[in-house]
Undergrad: 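Quick one: the structure is below, questions incoming.
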Amino acid sequence: MPPTPPPALRLHDLTVGYDRHPAVHHLQLDVAAGELLAVVGPNGAGKSTLLKALAGVLPPMGGRIERPAGAPRIAYLPQQADIDRSFPVTVLDTVAMGLWHEVGAWGRLGRERLARCRAALAEVGLDGFERRTLDTLSGGQFQRVLFARLMLRDAPLILLDEPFAAVDEPTADHLLELVDTWHREGRTVIVVLHDLALVRRVFPRTLLLAREAIAHGPTAEVLTPAHLLRASGLVEAFDDEAAPCEGPAVAQAPGQVHGHAHGHSHGHSHGHSHGHSHGHAPGQPHDHVH
């Protein structure tokens, strides 16, 4: 048998957050090369924060992120709300930024690279939009531009934060086809989503977050009523002003809940109220985790 390839990402006791307050803490996770992984959880679960850490935008507060030797190129798409569209840049120039790894700050695109930019725009259905400026685009058109830029990035690891939010259904379907293409090409794709019906239909594996890992593994084993209920309760009870977490990491088996014992203190208070009641009847969690 051929040797098992190293994971695309390995998270060792990872804690990330802002101003020394953890948004995600003590995360143990292996993401296999070529995996298509959905990251879900309630509002405030730390999903976008985790993606920023994986992209290298946000340094870890504790633990580490291990990648295969050579630090493979990463393509990261933040939420649209994090992107300023007021600057008068053209669609073609925006897409060409995906070639930064080839041309650098002062390199010339040249005829061949310009042709690749136009081909990427045509693939996302925006042929003829090259001279349009970003502020003239609809939300769906702008998202297609960002996907075209990702295509030119040609990265083995792709991180997408709510890529189908605020776009119409035909655009979402088109972008999903691109995600499926990347997956079939063997790229590792990690996507933050809130639509659990979409996750169940398309994504074979899921990570459920609620500031900590509730479950990780095959989607059907992760998105259970019990796991979703627990995730909702943990996030609602979390205190953003709690002291930095110093608890030990616990290994996590696929499809099982994270090893933090409820009622733990790590030597201080996280702000978790694990006996907290959040008003949902057992077995009736919301099916959209926003």
Undergrad: Test your reading of the model: is there a side-chain donor-acceptor pair from S232 to the backbone of L228, 3.5 Å cut-off?
TA: no
Undergrad: Applying the side chain to side chain contact (heavy atoms under 4.5 Å, CB included) criterion to K47, which one of L208, D161, V39 satisfies it?
TA: V39
Undergrad: Do the side-chain N and O atoms of Q143 and T171 include a donor-acceptor pair separated by under 3.5 angstrom?
TA: no
Undergrad: Side chains of H174 and D168, heavy atoms from C-beta outward: is any pair under 4.5 Å?
TA: no
Undergrad: Is there side-chain contact between L54 and L157, with at least one heavy-atom pair below 4.5 Å?
TA: no
Undergrad: For residues H26 and E212, is any side-chain donor paired with an opposing acceptor at under 3.5 Å?
TA: no
Undergrad: So does G34 get a backbone contact from the side chain of H183, meaning a donor-acceptor N/O pair under 3.5 Å?
TA: yes
Undergrad: Do any N or O atoms from the side chain of R116 and from the backbone of L152 form a donor-acceptor pair under 3.5 angstrom?
TA: no
Undergrad: Would you say the side-chain atoms of T94 and R149 include a donor-acceptor pair closer than 3.5 Å?
TA: no
Undergrad: Do R211 side-chain atoms and G44 backbone N/O form a donor-acceptor pair below 3.5 Å?
TA: yes
Undergrad: Got a donor-acceptor contact below 3.5 angstrom from the T219 side chain to the P204 backbone?
TA: yes
Undergrad: Main chain of H216, side chain of R205: is a donor-acceptor contact present, judged purely on distance under 3.5 Å?
TA: no
